[in-house]
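Side-chain atoms are counted along with the backbone in the values below, which use heavy atoms only and exclude waters and symmetry mates.
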Amino acid sequence: MLSPLNDIANEGVTGELRGGNLTLVAASFATRFEPKFTDKVLLLEDVGISFRQLDRSLQQILFMEMDVNAIVFGQFYPLDSTDEQRLIYKEVINRFADNFRKPVYYYPFIGHGRLNNPVILGEKVTIICDDEKSGYCNLSQK
């Protein structure tokens, strides 16, 4: 169950799932290896960066005006983090979502954490939200 982080996210979205580790994805920005994200749902996760590094990378994405259908954030906090540290990472992601003009979702059980619900990159993903009942969205792949 994904958490929609901005109002537009409640509308749901479809697209090919791309992305992965933020450090590796960001390393391709502004190079000839940068993928095209049009009609894609971008998945980002990374447990090896600080919340300050995450904030800088997300500011770069805002400046790029990235053309994606949506962004899904997986786990970013370190494996041994406290509740307070997890909340700091989530707040950084929430601030990004407030400024990003496309749907943004959060599900910290995708990535390299202790609990990992795998998804298949390169395959179509559909996100459907039922904000009246649960306030969460479902991600499915076919």
- No-hydrogen, no-angle side-chain donor-acceptor test under 3.5 Å, Asn94 and Tyr106: no
- Task: Taking only Lys NZ, Arg NE, NH1 and NH2, and the carboxylate oxygens of Asp or Glu, determine whether Asp98 and Arg95 approach each other closer than 4.0 Å.
- Result: no
- Cluster link Phe76 to Val104, ILVMFWY, side chain under 4.5 Å: yes
- Message: Please say yes or no: joined through hydrophobic side-chain contacts below 4.5 Å, possibly via intermediate residues, are Leu115 and Tyr107 part of one cluster?
- Response: yes
- Task: Compare all side-chain heavy atoms of Ser28 with those of Pro35 and state whether any distance is below 4.5 angstrom.
- Result: yes
- Query: With a 4.5 Å limit on heavy-atom distance, are the side chains of Leu17 and Lys40 in contact?
  - Reply: no
- Query: Do Val119 and Leu139 come within less than 4.5 Å of each other through their side chains, counting heavy atoms only?
  - Reply: yes
- Item | N-O pairing of Asp67 and Lys102 below 4.0 Å | yes
- Item | Single-linkage hydrophobic cluster Phe73~Phe29, side-chain heavy atoms < 4.5 angstrom | yes
- Message: Asp80: which residues meet the salt bridge (Lys or Arg N to Asp or Glu O under 4.0 Å) condition with it, sequence neighbours left out?
- Response: none
- Message: If I take atom OG from residue Ser134 and atom CE from residue Met1, how far apart are they, to the nearest 0.5 angstrom?
- Response: 4.5 Å
- Message: Could you measure the distance from the CD1 atom of Ile127 to the CD atom of Gln141? Nearest 0.5 Å is fine.
- Response: 9.5 Å
- Note on the structure: Output for pair (Ile61 CD1, Glu65 CD), nearest 0.5 Å, gives 13.0 Å
- Aromatic ring pairing Phe96/Phe100, orientation class (parallel under 30°, perpendicular over 60°, tilted between): parallel
- Say whether Leu5 and Val92 are linked into one hydrophobic cluster, either directly or through other cluster members, by side-chain heavy-atom distances under 4.5 angstrom. yes
- Side chains of Tyr105 and Cys129: does their closest heavy-atom pair fall under 4.5 Å? yes
- Note on the structure: Distance col, row Asn99:CG vs Gln59:CD, nearest 0.5 angstrom, shows 7.0 Å
- Message: If I compare all heavy atoms of Pro103 with all of Ala9, which pair ends up nearest, and what's the gap?
- Response: CB-CA, 3.6 Å
- Got a second to check how far Leu43's CG is from Leu121's CG, nearest 0.5 Å? 6.0 Å
- Message: Within the 4.5 Å heavy-atom criterion, are Ile8 and Val13 side-chain neighbours or not?
- Response: no
- Message: If I take atom CD1 from residue Ile93 and atom CG from residue Leu54, how far apart are they, to the nearest 0.5 angstrom?
- Response: 5.5 Å
- Does Ile120 offer a backbone N or O that forms a donor-acceptor pair with the side chain of Glu123 under 3.5 Å? no
- Item | Closest heavy-atom pair and its distance - Thr23, Asn21 | N-OD1, 3.0 Å
- Query: According to a 4.5 Å side-chain heavy-atom criterion applied to Ile, Leu, Val, Met, Phe, Trp and Tyr, with indirect links allowed, do Leu22 and Val47 form part of one hydrophobic cluster?
  - Reply: no
- Message: Does Val72 form a side-chain contact (heavy atoms from CB on, under 4.5 Å) with Leu42? I'd like the steps, not just the answer.
- Response: CA-CA 6 Å; Val72 175; Leu42 179 61; over 6 Å; no
- Message: Does any part of the side chain of Tyr77, heavy atoms only, come nearer than 4.5 Å to the side chain of Gln75, both counted from C-beta?
- Response: yes
- Would you mind reporting whether Asn116 and Phe109 have side-chain heavy atoms less than 4.5 Å apart? no
- Query: Is Arg18 paired with Glu16 through a side-chain N to carboxylate O contact shorter than 4.0 Å?
  - Reply: yes
- Query: Any side-chain heavy atom of Met64 within less than 4.5 Å of one from Glu34?
  - Reply: yes
- Which atom of Asn69 lies closest to which atom of Asp39, heavy atoms considered: OD1-CA, 3.3 Å
